[in-house]
Amino acid sequence: MANLLVVYYSAFGHVFQMAQAVANGASQSGAHHVKIVRIPEMAATQNRVIQPDKERPTSSSKSLSNQFRLTDRYSKYEAAGVLQENIPYATNDDLRWADGILWGFPTYYGTMPAQVKLFLEMAGELCVEGALEGKPTGIFNSTASIHTGHEAAILTAMVPFFHFGMIFVGLPYSENPEYLTADAIGCSPYGASTLAGPDSSLSPDPRELLMAARLGERVADVAAALQLFRTKEASG
Ligand SMILES: Cc1cc2nc3c(=O)[nH]c(=O)nc-3n(C[C@H](O)[C@H](O)[C@H](O)COP(=O)(O)O)c2cc1C
């Protein structure tokens, strides 16, 4: 039986919904232990990108504030925080416990948010110990819109995860025909993703949730297979 950890950061709740789908998929793959944990928000309020005093709608025609609907951004952020209150914070011991790890985060400038990067930097002892080496891993994320970085964010996030020595699992074409479409939905061979909309008003598409679940299931399957192989190797 393999231990699966779903570890994520989500400001507005889209990645949180994807995390639940990923965890459901992992649970479907046999009798696994599946745990969902979250990466904390920045402790210092001045380091948080979403703040009430940053809501400055402007009437300038050049401004993107209408598309991004900055005026109710903070209330969405607060509501998503309440929904996640009962999710425990991730610890290094959670990562040690896991046989397979699924990472989720929103796209910030085409890569992972600082919250996730900071978490990985704080987990440096695991890199030194080689504690995550050989563990299968998958990535899921969210972006505002289709051409603004969901694939890039997964690809750029792989770099630090390679330093931890994890083994990457993606979403193969043959098992995920849903992303072979010109519709504006997320997901790709690199991982699962959802489009939140520039104003964060969209909910994950059922096809995105389905592929997120498949990613969870696939990482769980690989973790279980590796566990079996390593047990056999150890017993000669
Ligand atoms: C600082 C910052 C940078 C962002 N950069 C991007 C970006 O490069 N591309 C994009 O599509 N969305 C970008 N967004 C929007 C987020 O990706 C979007 O809010 C997120 O996917 C929603 O996920 P969540 O509900 O789990 O927080 C950015 C948001 C913030 C706050």
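Atoms within each ligand, like the ligands themselves, are counted from 1 in listed order. Worth knowing before you read on, the calculation uses all heavy atoms, side chains too, and leaves out hydrogens, waters and symmetry mates. Model, not experiment: these values are computed from the prediction.
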Hydrogens and angles aside, do Glu41 and Tyr77 bring a side-chain donor and acceptor to less than 3.5 Å of each other? yes

Could you tell me the residue and atom name of the protein heavy atom closest to atom 5 (N) of ligand 1, and the distance to it rounded to 0.1 Å? Tyr109 N, 2.9 Å

Is a side-chain donor-acceptor pair under 3.5 Å present for Thr91 with Asp93? no

Which heavy atom of the protein is the closest neighbour of atom 28 (C) of ligand 1, given with residue, atom name and distance? Thr107 O, 3.5 Å

N/O to N/O below 3.5 Å, does that happen between Gly13 and ligand 1? yes

Met122: hydrophobic cluster co-members (side-chain, 4.5 Å): Met42, Leu118

For atom 26 (O) of ligand 1, what is the closest protein heavy atom, and at what distance to 0.1 Å? Ser10 OG, 2.6 Å

For ligand 1, which atoms sit closer than 4.0 Å to a heavy atom of Pro106? 20 (C), 21 (O), 23 (O), 27 (O)

Measuring only between side-chain heavy atoms, which start at C-beta, is Ile50 closer than 4.5 Å to Phe12? yes

Can you list the ligand 1 atoms lying under 4.0 Å from a non-hydrogen atom of Gly110? 8 (O)

Side-chain contact, heavy-atom cut-off 4.5 Å: Glu217 with Val22? no

Should you measure from each heavy atom of Val15, which atoms of ligand 1 turn up under 4.0 Å away? 26 (O)

If you measure from each heavy atom of Gly149 to ligand 1, is any distance below 4.0 Å? no

Closest by any non-hydrogen atom to atom 7 (C) of ligand 1: pick that one out of Leu195, Thr148, Ile50. Thr148

Checking a contact table here: which protein heavy atom is nearest atom 3 (C) of ligand 1, and how many Å away? Tyr108 CA, 3.6 Å

So, do Leu120 and Phe161 sit near enough that their side-chain heavy atoms are less than 4.5 Å apart? yes

Nearest 0.5 angstrom please: Met166 CE to Phe164 CZ, how far? 6.5 Å

Atoms of ligand 1 less than 4.0 Å from Ser145 heavy atoms? 11 (O)

For atom 25 (O) of ligand 1, what is the nearest protein heavy atom, given as residue, atom name and distance? His14 ND1, 2.6 Å

Do any side-chain atoms of residues 132-142 form donor-acceptor pairs under 3.5 angstrom with protein atoms, and if so which ones, sequence neighbours left out?
| residue | atom | partner | partner atom | Å |
| --- | --- | --- | --- | --- |
| Lys135 | NZ | Leu95 | O | 2.9 |
| Lys135 | NZ | Arg96 | O | 2.9 |
| Lys135 | NZ | Ala98 | O | 2.5 |
| Thr137 | OG1 | Ile101 | O | 2.8 |
| Thr137 | OG1 | Trp103 | NE1 | 3.0 |
| Asn141 | ND2 | Thr107 | OG1 | 3.4 |
| Asn141 | ND2 | His150 | O | 2.9 |

Is there a side-chain contact between Glu208 and Leu195, using heavy atoms and a 4.5 Å cut-off? yes

Nearest non-hydrogen protein atom to atom 18 (C) of ligand 1, with distance, is Ala144 N, 4.4 Å

I'd like to check which ligand 1 atoms, numbered from 1 as shown, lie under 4.0 Å from a non-hydrogen atom of Ser142. 17 (O), 20 (C), 21 (O), 22 (C), 23 (O)

